[in-house]
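In what follows, a structure is listed as structure tokens, so that the remarks can point back to it.
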Amino acid sequence: MTKIRCRGVLFDLDGVLVDSTPAVARVWAGWAREHGFIPDEVVKKAHGRPSLTTIRELLPSADHDAENREVERREIADVDGVIPLPGAMELLGALPPERWAIVTSCTRPLAHVRIRAAGLPQPRQLVTADDIKHGKPDPEPYLKGAQFLGVSAVDCIVFEDAPAGIRAGKAAGARVVALRTTSSDAELQQAGADWIVDNCAELFLDSPQGVEELFLLIRQQNRLGFCING
């Protein structure tokens, strides 16, 4: 078992804790068709980054704020099929609430809608696109998440599924566990992931009550297992 020392756990939301892929794909594919883009390419580009970043890149001369409001309106309205990913509920329920945060490229209203739709516990600390100036792959979101937990990002483990998010975590100085929910192993490795797992169901907490240290183990065959302690 590989042991990793950390003092905080930072989770991306979509593709890590929540399966919102069908809803995201529907919204962005519709938006792409309206603007004459190839839907699959836009959906892939949009994943894991603030929607405003994608809109600015694709429509440099548009009213970015207006377009972003429309995309957000559609995403908030479409929660069909938004469910927790395997193991997410169990892992969040086992972790001490003051030791983890959600760091997402969603806006705050959209993040709350998806957290509620999936039935996840509300995080004490939540970093959204509304809280930052520079989105993933910039390190700012994960640096802020670590700050909210009162620890250094170097002492945190980031859980991500998107290459942009992995790069953000690594740039912040954190180590990254990548999930195979939206990208290939090659893409995750190229982005700098330290470990790759299928989903949160491969992890469980094994830590005595009243002890500050956390021991998080990965149960998987022919793959990597690790412990997290404080």
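Throughout, residue positions are numbered sequentially from 1 according to the sequence presented. All values below come from the heavy atoms of this structure, side chains included, with hydrogens, waters and symmetry mates left out.
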Rounded distance [0.5 Å steps], [atom1] in [X] versus [atom2] in [Y]:
X: R180; Y: I196; atom1: CZ; atom2: CD1; result: 5.5 Å
X: H64; Y: E67; atom1: NE2; atom2: CD; result: 8.5 Å
X: R114; Y: L110; atom1: CZ; atom2: CG; result: 4.0 Å
X: Y142; Y: K136; atom1: OH; atom2: NZ; result: 3.5 Å

Ignoring hydrogens, what is the shortest heavy-atom contact between [X] and [Y]? Give both atom names and the distance.
X: P141; Y: H134; value: CD-O, 3.5 Å
X: A164; Y: R49; value: CB-CG, 3.9 Å
X: A174; Y: C156; value: CB-O, 3.5 Å
X: L17; Y: C200; value: CD2-SG, 4.4 Å
X: T104; Y: C106; value: OG1-N, 3.0 Å
X: A172; Y: P139; value: N-CB, 3.5 Å

Min side-chain heavy-atom separation [X]-[Y] under 4.5 Å:
X: T54; Y: W31; value: no
X: F37; Y: K45; value: no
X: S20; Y: E75; value: no

Short N-O contact, [X] and [Y], less than 4.0 angstrom:
X: E70; Y: R73; value: yes
X: E187; Y: K44; value: yes
X: R108; Y: D131; value: yes

Is a side-chain donor or acceptor of [X] paired with a backbone partner of [Y] at a separation under 3.5 angstrom?
X: R99; Y: R7; value: yes
X: E140; Y: K133; value: yes
X: R26; Y: D80; value: yes

Please report the C-alpha distance between E98 and Q125 in whole Å, then the side-chain angles of each, then the deciding distance to 0.1 Å, and finally whether the side chain to side chain contact (heavy atoms under 4.5 Å, CB included) criterion is met.
CA-CA 8 Å; E98 71 277 7; Q125 303 295 343; over 6 Å; no
With sequence neighbours left out, what residues match T53 under side chain to side chain donor-acceptor pair (under 3.5 Å)?
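Residues passing side chain to side chain donor-acceptor pair (under 3.5 Å) with T53: none at all.
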Is there a side chain to side chain contact (heavy atoms under 4.5 Å, CB included) between Q122 and H112 once you walk through the steps?
CA-CA 8 Å; Q122 288 291 332; H112 281 303; 3.4 Å; yes
Who passes ring-ring contact (aromatic ring centres under 6.0 Å, His included) against W100, sequence neighbours left out?
none
Is it the case that one hydrophobic cluster holds both [X] and [Y], taking links as side-chain heavy atoms less than 4.5 Å apart, direct or via other members?
X: L149; Y: L143; result: no
X: W28; Y: V113; result: no
X: V42; Y: L59; result: yes
X: L52; Y: V103; result: no
X: L85; Y: V158; result: no

How about [atom1] on [X], more than 12 heavy atoms from neighbouring residues, nucleotides or ligands closer than 6.0 Å, or not?
X: I38; atom1: CD1; value: no
X: E57; atom1: CD; value: yes
X: D130; atom1: CG; value: yes

Let me know which of [options] forms a side chain to side chain contact (heavy atoms under 4.5 Å, CB included) with [X].
X: V176; options: L188, D12, I166; answer: I166
X: F159; options: L10, N199, L203; answer: L203
X: T181; options: D161, T21, D198; answer: D161

Candidate pair T128 and T107, rule side chain to side chain contact (heavy atoms under 4.5 Å, CB included), full reasoning:
CA-CA 5 Å; T128 73; T107 63; 5.6 Å; no
Please report the C-alpha distance between I115 and I102 in whole Å, then the side-chain angles of each, then the deciding distance to 0.1 Å, and finally whether the side chain to side chain contact (heavy atoms under 4.5 Å, CB included) criterion is met.
CA-CA 10 Å; I115 290 169; I102 291 178; 4.0 Å; yes
